[in-house]
Amino acid sequence: MRGGAAKLFRDIYGYEYSVYAFAPGRVNLIGEHTDYNGGFVFPCALNLGIEGAARLRNDNILRFYSANFPDDGIIQVETASLRNGGWAAYPLAVISAFSAMGYNINSGADFVFRGNLPDGSGLSSSAALEVLTGLLLRELYGFSVTAQELAVFGQFAENRFIGVNCGVMDQFASAMGKKGSAVLLNSSTLSYSYAPLDSVNTALVLVNSGVKHSLASSAYNDRRRECESALADINGVKKTPSLCALGAEEFEMYKDAVKSPVCRKRAKHAVYENQRTIDAAQALKNGDLKGFGRLMNESHLSLQNDYEVSCAELDFLARSAWETTGVYGARMTGGGFGGCTVNLVKKEFAESFAVDIKQKYKEKFGTEASVYAVEPGCGAHLY
Ligand code: ADP
Ligand code: MG
């Protein structure tokens with residue numbers, strides 16, 4: 001993929017770029033909807049993502065072009081306004097976030113982007129774009145900002161200026177990923193550790209349902225509210241900073257304080273998913289792939305039945321995978337209501353698994369599922 005954005009920059013603007021970088025998308029192996037509940041997540045950065053090239057200008061104009069949105073042409077904004085309704089809202093949100101943090105963008109610049117994350121697959125192209133923009137800004141303007149800050153500024157940009165109330169997982173994975181490893185992140189402290197994924201004997205396979213998550217953003221906000229309500233009820237009987245700060249035993253002790261049965265189910269998912277995530281990272285560190293796979297399957301069932309963010313297509317893909325030879329585990333990944341399942345498969349079965357699941361999906365739904373064998377890639381970096 002390297003090479004695309006550099007040439008694009010020359011083609012679009014007719015002169016040389018000065019900075020050229022890449023930021024990956026991510027897939028979450030386990031720990032879904034735990035990051036905004038103060039719990040653990042266990043994502044890895046992908047070898048797919050977005051690359052970008054940029055150069056400072058000597059006026060106050062910012063220009064943006066994306067190979068993924070060619071019909072939008074070159075989008076031009078002044079540094080004083082920083083608003084745009086299209087895709088450039090994302091890089092502009094990051095610029096606004098930097099300004100809010102005291103890093104002033106006082107001269108213009110030209111940017112191009114080119115991504116290869118499948119559209120609508122839920123692999124967090126928005127986080128990749130935010131982290132990439134942050135990295136380009138750091139280099140262009142000489143800001144002293146750590147990789148971890150790139151993640152935090154990206155999340156702040158998405159929360160505050162895009163209006164998506166996401167946790168920090170996606171941006172953290174994109175900024176801090178490590179080749180060949182997944183990262184266990186404590187989302188309340190941002191402490192983290194890496195666990196290697198055996199890529200010699202196992203394959204990480206994504207199956208894209210092709211369903212676009214149109215329900216996702218409203219349901220996401222509902223789930224956040226339901227969890228907040230459960231937390232408030234529990235705090236009436238037991239002071240706790242977040243749902244995931246409760247262990248399973250404590251939760252069982254205090255769960256009846258949660259008045260709404262729906263909110264109680266949401267809280268149950270958060271608490272048990274957090275424990276599964278810790279256990280899964282340990283299983284991977286111990287080389288226990290079967291144990292890891294079992295936890296992935298349990299995670300899916302919890303998302304399906306208690307958190308209720310799955311859909312018929314994702315349930316079918318997970319279930320089919322569970323019945324397929326050579327699959328350690330499979331679950332929906334990402335916010336839900338569409339996007340991908342993530343499957344951990346014995347290497348020698350990866351190809352037959354892909355053929356098999358595509359065929360079953362076609363028979364059941366009459367539409368194509370796309371299958372990608374991916375690898376844990378490194379976090380955002382300069383070329
Ligand atoms: P995802 O799950 O991929 O993060 P989002 O809806 O959060 O989905 O973000 C997708 C949006 O991010 C796109 O609609 C577009 O505005 C922006 N985006 C992602 N990738 C690119 C790209 N390569 N070039 C320009 N904009 C992009
Ligand atoms: Mg996103």
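Counting starts at 1 for both ligands and their atoms, following the listed order.
- When all heavy atoms are compared, the tightest approach of Leu344 to Met296 is CB-SD, 4.1 Å.
- Proximity to Gly115 (heavy-atom distance under 4.0 Å) selects the following atoms of ligand 1: 23 (N).
- Under 4.0 angstrom from ligand 1, the non-hydrogen atoms of Ser126 come from both its backbone and its side chain.
- Heavy-atom proximity to Ser66, at under 4.0 Å, picks out these atoms of ligand 1: 22 (C), 23 (N), 24 (N), 25 (C).
- The distance criterion of under 3.5 Å between nitrogen or oxygen atoms is not met by Glu158 with respect to ligand 1.
- In the vicinity of Gly122, heavy-atom distances shorter than 4.0 Å reach the ligand 1 atoms 2 (O).
- For Glu298, the salt bridge (charged side-chain N to carboxylate O under 4.0 Å, His left out) criterion is met by no residue, not counting sequence neighbours.
- Among the backbone and side-chain atoms of Ser126, an N/O/S atom is found under 2.8 Å from the Mg ion (ligand 2).
- Considering backbone and side-chain atoms alike, Arg114 places every N or O at 3.5 Å or more from each N or O of ligand 1.
- Checking each of Trp87, Phe64, Tyr13, Tyr90 against Phe111 for a ring pair (Phe, Tyr, Trp, His ring centres under 6.0 Å) leaves exactly one that passes, namely Phe64.
- Side chains of Ser199 and Glu375: a donor-acceptor N/O pair is absent below 3.5 angstrom, by distance only.
- Remark: Tyr17 pairs with Tyr20 by the ring pair (Phe, Tyr, Trp, His ring centres under 6.0 Å) rule, at least two apart or across chains.
- For a threshold of 3.5 Å applied to N or O pairs, the pair formed by Trp87 and ligand 1 contains no separation below that value.
- Taking the six-membered ring where tryptophan is involved, the planes of Phe98 and Phe153 are perpendicular, since the angle between them exceeds 60° and thus also 30°.
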